[in-house]
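Just passing along the structure, written as structure tokens.
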Number of protein chains: 2
Amino acid sequence: MPTGRRERKKAATRQKIADAALRLFLERGYEAVGIREVAAEADVAVTTLFSHFASKEALVFEQDEDFEQRLVRAVTDRAAHEPLVPALRREIQALVRHCTADSAAPIWRMIDASPALREYEESMRLRHAESLAAAIAADPDLSGTPTACRAIARFVIDAYSLAREAADPQAAVGEIFQMIEAAWAVTCPSGNSTGTAGP
Amino acid sequence: MPTGRRERKKAATRQKIADAALRLFLERGYEAVGIREVAAEADVAVTTLFSHFASKEALVFEQDEDFEQRLVRAVTDRAAHEPLVPALRREIQALVRHCTADSAAPIWRMIDASPALREYEESMRLRHAESLAAAIAADPDLSGTPTACRAIARFVIDAYSLAREAADPQAAVGEIFQMIEAAWAVTCPSGNSTGTAGP
DNA sequence: GACCGTAACACTAACGGTTAGTGTTTTGAA
DNA sequence: TTCAAAACACTAACCGTTAGTGTTACGGTC
């Protein structure tokens with residue numbers, strides 16, 4: 001039932017729209033390009049565009065589900081009895097390295113230049129934090145209260161967000177995760193705190 | 001130079017708009033009331049409304065500068081040599097108590113019901129976190145790195161945000177601040193960690 | 001007390017994101 | 001082959017917001 005022609009066509013249309021949007025946005029700036037232009041460039045109707053993307057901002061953060069799933073899997077798919085925080089630290093380090101790569105620089109420059117995009121990203125991260133909190137709370141090896149799980153999830157998202165803006169992103173991840181390690185140790189006494197946060 | 005008639009008139013107009021907006025929003029719901037209606041109710045032009053408030057959402061968070069200033073002052077105006085985190089905990093507890101009071105319930109119900117308002121609030125809190133981080137970094141008694149200061153500021157804002165949604169807000173503040181205390185102790189060895197977090 | 005610059009306010013008209021309503025084509029399954 | 005669903009298209013609007021252009025009303029100054 002999965003890989004029918006319909007789904008492939010749909011995915012192709014979606015990709016065509018996202019590609020056209022990103023190209024125009026990078027060429028002329030996010031705010032300077034209207035939805036009607038993007039739709040025309042992708043050769044679809046405006047309503048079709050909005051059936052694939054919930055908003056103009058969503059065109060930029062096309063694969064945000066990747067981010068969410070990677071964080072959740074860092075919790076659920078980690079080795080048996082591996083402590084939580086170091087696993088999350090590794091994942092955040094990888095994500096930060098990925099988004100501070102030179103190839104991604106133009107996109108992030110564009111995002112930083114637009115208040116609308118920055119605001120959208122933040123509220124997106126909040127959703128991710130909720131998913132992460134749920135994953136942490138669901139782990140039978142961990143004994144945090146719901147509040148502590150939500151707090152740690154937020155802290156982890158904060159780490160990503162702050163590291164992205166820091167002068168030395170990798171060092172910032174290390175520094176903040178030392179703090180997170182300590183915070184988690186307070187509420188989850190079972191965890192052995194392996195908090196070596198080298199650069 | 002301050003209390004001229006002009007400034008009083010301006011403040012009166014601003015208040016008239018805010019009052020009309022809040023009344024309409026609570027009566028019929030935030031999304032169901034248009035800007036043009038609010039302006040008509042307050043008997044001003046739409047452009048006048050927007051010269052007093054930057055956006056529709058700003059009508060609801062009329063006095064958000066209070067929040068920001070109270071947090072900053074909790075840092076700058078605390079007793080000499082008083083440790084940072086307990087001072088912030090007291091302030092957050094007061095703020096949470098204030099916004100979970102029964103009288104404020106209808107407003108927060110309205111905010112929780114509107115994604116636009118929730119998103120706006122979050123990005124507002126981010127600004128507050130930046131101000132708080134600056135205040136912490138500026139304190140000569142404290143020896144945190146800029147990254148550590150920003151992280152702690154975010155954590156404190158997270159505490160407010162999470163506590164507001166928790167079943168027992170006061171207990172949540174206590175719980176999260178135990179974590180913050182530990183996180184801060186890691187990066188600021190000079191601080192004596194007086195982390196008694198009662199209910 | 002007359003004068004002037006400024007800032008509050010008003011009005012119209014538009015722009016840009018988003019959606020409702022309606023209809024057409026494509027496609028997977030019965 | 002037939003059918004229901006779903007992708008797509010088009011028009012026309014709604015709503016928040018802003019530009020452009022005036023018109024008052026006020027505070028400080030001579």
Side-chain angles (χ1 to χ4, degrees), chain A residues 1-18 20-22 24-25 28-62 110 113-121 123-124, chain B residues 1-22 24-25 28-62 110 114-121 123-124:
Chain A
M1 86 182 67
T3 169
R5 186 180 319 174
R6 181 136 75 194
E7 331 218 351
R8 262 183 292 123
K9 275 205 172 183
K10 178 170 183 175
T13 300
R14 181 191 160 90
Q15 199 57 44
K16 193 172 59 174
I17 296 172
L22 200 56
L24 289 180
F25 290 162
R28 320 217 316 266
Y30 175 76
E31 331 249 34
V33 178
I35 281 288
R36 291 161 179 86
E37 285 180 86
V38 175
E41 179 82 5
D43 199 31
V44 296
V46 173
T47 46
T48 301
L49 187 154
F50 276 109
S51 76
H52 285 273
F53 298 91
S55 67
K56 186 188 182 186
E57 295 94 52
L59 286 166
V60 173
F61 298 95
E62 196 211 341
M110 173 185 84
S114 159
L117 286 176
R118 291 181 65 83
E119 184 161 345
Y120 181 87
E121 193 202 350
S123 88
M124 201 177 72
Chain B
M1 86 182 68
T3 168
R5 187 181 317 173
R6 182 135 77 190
E7 332 218 349
R8 263 183 291 122
K9 276 202 170 183
K10 178 170 181 174
T13 301
R14 182 192 160 91
Q15 199 56 45
K16 193 171 61 174
I17 295 171
D19 290 349
L22 201 57
L24 290 180
F25 290 162
R28 321 215 316 264
Y30 176 76
E31 332 249 33
V33 178
I35 282 288
R36 290 160 179 86
E37 284 180 86
V38 175
E41 179 82 5
D43 199 29
V44 297
V46 172
T47 47
T48 301
L49 186 153
F50 276 108
S51 76
H52 285 273
F53 298 92
S55 67
K56 185 187 181 186
E57 295 94 50
L59 287 165
V60 173
F61 297 96
E62 197 211 340
M110 174 184 84
S114 159
L117 285 176
R118 291 181 66 83
E119 185 162 342
Y120 180 87
E121 193 202 350
S123 86
M124 200 177 72

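A note on names: the letters A, B, ... follow the listed sequences, proteins ahead of strands, and every chain is numbered from 1.
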How many Å lie between CG on A/Asp43 and C1' on D/dC8, as a whole number?
->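 Between C1' of D/dC8 and CG of A/Asp43: 12 Å.
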Separation of A/Glu7 atom CD from C/dG28 atom P, in whole Å?
->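 Computing the A/Glu7:CD to C/dG28:P distance gives 8 Å.
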With sequence neighbours left out, what residues match B/Glu31 under salt bridge (charged side-chain N to carboxylate O under 4.0 Å, His left out)?
->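 Not a single residue meets the salt bridge (charged side-chain N to carboxylate O under 4.0 Å, His left out) criterion with B/Glu31.
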Quick one: ring pair (Phe, Tyr, Trp, His ring centres under 6.0 Å) pairs with a partner in residues 36-58 of chain A, sequence neighbours left out?
-> none
Please report the shortest heavy-atom distance between B/Leu24 and B/Val38, naming the atom on each side.
->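 Closest pair (atom of B/Leu24, atom of B/Val38, distance): CD1-CA, 4.0 Å.
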Nearest-Å distance for atom pair CZ/P, residues B/Arg14 and C/dA7 =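 Spelled out: CZ on B/Arg14 to P on C/dA7 is 18 Å.
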What is the distance, rounded to the nearest whole Å, between atom NZ of B/Lys56 and atom C1' of D/dC15?
->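 That distance rounds to 8 Å.
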Which listed nucleotide (C/dA10, C/dT26, D/dA25) is nearest to the side chain of B/Ala45?
->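 When the side chain of B/Ala45 is considered, C/dA10 is the closest of C/dA10, C/dT26, D/dA25.
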B/Glu57 has an atom CD; how far is it from atom P of D/dG16, in whole Å?
-> 9 Å
Tell me whether the guanidinium CZ or amine NZ of B/Lys56 lies under 6.0 angstrom from the six-membered ring centre of B/Tyr120 and within 45° of its axis.
->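 No, B/Lys56 does not sit over the ring of B/Tyr120.
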Mind running a 4.0 Å heavy-atom check of residues 114-121 of chain B against DNA chain D and sending the residues that fall below it, in number order?
->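 Per residue number, the list is empty: none.
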Could you check how far NZ of B/Lys10 sits from P of C/dA8, rounded to whole Å?
->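 Rounding to the nearest Å, NZ of B/Lys10 and P of C/dA8 are 4 Å apart.
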Mind running a 4.0 Å heavy-atom check of residues 46-55 of chain A against DNA chain C and sending the residues that fall below it, in number order?
->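 Listed by number, they are A/Val46, A/Thr47, A/Phe50, A/Ser55.
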Separation of atom CZ in A/Phe25 from atom P in C/dG16, rounded to whole Å |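 So the CZ-P distance, A/Phe25 to C/dG16, works out to 13 Å.
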Residues forming a salt bridge (charged side-chain N to carboxylate O under 4.0 Å, His left out) with B/Glu121, sequence neighbours excluded | B/Arg125, B/Arg164
Which heavy atom of B/Val44 sits nearest a heavy atom of B/Leu49, and at what distance?
->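 Result for this residue pair: CG2-N, 4.4 Å.
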Taking only heavy atoms on the protein side, list every residue of residues 28-36 of chain B lying under 4.0 Å from any atom of DNA chain C, sorted numerically.
-> B/Arg36
